[in-house]
Engineer: 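Following this message is one structure expressed as structure tokens.
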Amino acid sequence: MVHHMDTEDFRRIYLPLQNKLYRFALKFVHDPMVAEDIVQEVFLRIWKKRQELAGLEKPEAYCMTMTRNLSLNHLKGRDQKHADISDVMPPAGDLIQADRQMEASETVRKVQAAIKTLSQRQQLVLHLREIEEMTYDQIGEILGLSLAMVKSELFRARQHLKVKLQHHVR
């Protein structure tokens with residue numbers, strides 16, 4: 001018997017992925033509004049193809065791959081603006097808190113700057129592993145990489161960051 005996806009299936013399977021897809025799109029496009037649009041487009045496309053996708057074995061990987069593709073399509077020929085952590089930090093209440101915040105903000109800025117020196121592939125592998133907590137297999141499937149390549153890119157990214165950040169600390 002062929003199973004058809006209904007709104008309840010859609011809500012149960014796909015809607016819980018919304019925040020993860022948003023963070024992933026934002027990693028590419030660096031624009032919250034565009035990232036939201038991309039996630040909406042992913043959901044629209046899934047809903048339109050719901051009969052074909054009913055019973056899909058790996059819906060999360062499918063959505064992440066579609067998010068990646070739509071994000072890359074958006075990036076073609078565009079200049080990117082990068083959000084700064086200071087845009088979202090609340091004002092400090094007192095001098096001690098302000099000092100701690102500046103220190104934390106500076107650390108975050110250094111880490112962000114170091115991450116930006118990685119290749120795009122390394123940034124994505126690092127994001128999927130450390131932020132989204134995906135397995136190596138899931139990362140390979142989403143990015144179209146072999147397991148060995150995922151491990152290699154992650155190792156190189158971590159080594160590069162370690163070296164970069166040691167220089168900033170000293």
Side-chain angles (χ1 to χ4, degrees), residues 1-90 101 104-105 107-109 111-116 118-147 149-151 153-154 157-158 161:
M1 182 172 145
V2 176
H3 176 73
H4 296 288
M5 185 190 315
D6 59 16
T7 53
E8 190 50 43
D9 292 331
F10 184 82
R11 280 192 190 110
R12 182 177 47 81
I13 297 167
Y14 294 97
L15 286 186
L17 301 173
Q18 185 171 3
N19 290 337
K20 184 177 277 192
L21 298 176
Y22 171 79
R23 287 189 306 269
F24 191 49
L26 191 60
K27 189 79 185 133
F28 283 96
V29 298
H30 304 285
D31 182 330
M33 299 292 282
V34 173
E36 284 178 27
D37 290 346
I38 288 169
V39 173
Q40 289 303 316
E41 181 65 23
V42 168
F43 285 152
L44 255 172
R45 290 182 182 196
I46 288 167
W47 183 250
K48 286 178 182 173
K49 292 178 145 191
R50 66 186 175 276
Q51 300 318 330
E52 299 166 46
L53 298 177
L56 184 67
E57 208 173 297
K58 297 179 179 175
E60 183 178 345
Y62 183 83
C63 289
M64 294 291 279
T65 302
M66 190 185 305
T67 301
R68 178 198 68 193
N69 293 342
L70 290 172
S71 297
L72 290 174
N73 288 347
H74 172 79
L75 288 176
K76 288 179 183 166
R78 297 245 173 156
D79 287 334
Q80 292 306 302
K81 287 190 236 173
H82 300 285
D84 190 311
I85 191 80
S86 62
D87 294 342
V88 294
M89 282 193 120
Q101 249 182 6
S105 178
T107 302
V108 168
R109 191 193 61 69
V111 171
Q112 286 177 330
I115 289 172
K116 286 179 184 174
L118 297 172
S119 70
Q120 173 138 24
R121 182 189 288 175
Q122 288 173 346
Q123 287 182 40
L124 293 172
V125 170
L126 190 68
H127 176 83
L128 291 173
R129 182 68 182 157
E130 303 301 336
I131 306 298
E132 304 303 339
E133 299 178 340
M134 294 188 149
T135 66
Y136 295 136
D137 289 332
Q138 290 171 318
I139 295 167
E141 189 172 331
I142 290 165
L143 298 179
L145 300 173
S146 69
L147 186 60
M149 189 56 112
V150 170
K151 288 179 179 179
E153 291 292 344
L154 190 58
R158 287 175 174 159
L161 290 177

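Counting from 1, the numbers follow the sequence of the chain as shown. Heavy-atom basis, side chains included; hydrogens, waters and symmetry copies ignored.
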Engineer: Taking the side chain as every heavy atom from C-beta outward, state whether Arg11 and Pro16 have any pair of such atoms under 4.5 Å apart.
Structural biologist: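 No, their side chains stay 4.5 Å or more apart.
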Engineer: Please walk me through it: do Asp137 and Val150 pass side-chain contact (heavy atoms from CB on, under 4.5 Å)?
Structural biologist: CA-CA 8 Å; Asp137 289 332; Val150 170; over 6 Å; no
Engineer: Working to the nearest 0.5 angstrom, can you tell me the gap between Arg12 CZ and Thr7 OG1?
Structural biologist: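 With rounding to 0.5 Å, CZ (Arg12) is 11.0 Å from OG1 (Thr7).
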Engineer: Which is it for Thr67 and Ile142 under the side-chain contact (heavy atoms from CB on, under 4.5 Å) test, yes or no, and what are the steps along the way?
Structural biologist: CA-CA 10 Å; Thr67 301; Ile142 290 165; over 6 Å; no
Engineer: Hey, is Lys20 close enough to Glu133 for a salt bridge, meaning N to O under 4.0 Å?
Structural biologist: no
Engineer: Search all heavy atoms of Leu161 against all heavy atoms of Ile115 and return the closest pair with its distance.
Structural biologist: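 Minimum heavy-atom contact is CD2-N, 3.7 Å.
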Engineer: Output, in order, the C-alpha distance, side-chain angles, deciding distance and verdict of side-chain contact (heavy atoms from CB on, under 4.5 Å) for Gln138 and Lys58.
Structural biologist: CA-CA 10 Å; Gln138 290 171 318; Lys58 297 179 179 175; over 6 Å; no
Engineer: If you take all heavy atoms of Leu143 and Arg68, which pair is closest and at what distance?
Structural biologist: CA-NH1, 3.1 Å
Engineer: Measure the OH-CG distance between Tyr14 and Leu21 for me, rounded to the nearest 0.5 Å.
Structural biologist: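 Nearest 0.5 Å value for the OH-CG distance: 11.0 Å.
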Engineer: Just verifying a value: how many Å separate Leu147 CG and Ile139 CD1, rounded to the nearest 0.5 Å?
Structural biologist: 9.5 Å
Engineer: Show, in sequence, the C-alpha distance, side-chain angles and deciding distance for Met64 and Leu128, and conclude whether the side-chain contact (heavy atoms from CB on, under 4.5 Å) test is met.
Structural biologist: CA-CA 10 Å; Met64 294 291 279; Leu128 291 173; 3.4 Å; yes
Engineer: Could you check if a side-chain atom of Gln120 sits within less than 4.5 angstrom of a side-chain atom of Phe28, using non-hydrogen atoms only?
Structural biologist: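 Sidechains of Phe28 and Gln120: in contact.
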Engineer: Indicate every side-chain donor-acceptor pair of residues 35-48 with a distance under 3.5 Å to a residue at least two apart or in another chain.
Structural biologist:
from	atom 1	to	atom 2	distance (Å)
Glu41	OE2	Arg45	NE	2.7

Engineer: Is the shortest side-chain heavy-atom distance between Val125 and Leu145 below 4.5 Å?
Structural biologist: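 Val125 reaches Leu145 side chain to side chain.
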Engineer: Side chains of Phe10 and Asp6: does their closest heavy-atom pair fall under 4.5 Å?
Structural biologist: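 No, their side chains stay 4.5 Å or more apart.
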Engineer: Can you confirm whether Tyr22 sits close enough to Pro32 that some side-chain heavy atom of one is under 4.5 Å from a side-chain heavy atom of the other?
Structural biologist: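 Yes - at least one pair of side-chain heavy atoms lies under 4.5 Å apart.
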Engineer: For the pair Glu132 (side chain) and Arg129 (backbone), establish whether a donor and an acceptor sit closer than 3.5 Å, ignoring hydrogens and angles.
Structural biologist: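 No, because the side chain of Glu132 does not come within donor-acceptor range (under 3.5 Å) of the backbone of Arg129.
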Engineer: Nearest 0.5 Å please: distance from the CG atom of Leu75 over to the CG atom of Asp31.
Structural biologist: 10.5 Å
Engineer: Taking Glu141 for its side chain and Ala61 for its backbone only, find out whether a donor-acceptor pair lies under 3.5 Å.
Structural biologist: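 No, the answer is negative, given that no donor and acceptor are paired below the 3.5 Å cut-off.
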Engineer: State, to 0.1 Å, how close Leu118 and Gln122 come at their nearest heavy-atom pair, and which atoms those are.
Structural biologist: CD2-OE1, 3.5 Å
Engineer: What is the minimum heavy-atom distance between Leu17 and Cys63, and which atoms define it?
Structural biologist: CD1-SG, 3.9 Å
Engineer: Is there side-chain contact between Lys27 and Ile131, with at least one heavy-atom pair below 4.5 Å?
Structural biologist: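 When only atoms from C-beta onward are counted, Ile131 and Lys27 do not touch, as no gap falls below 4.5 Å.
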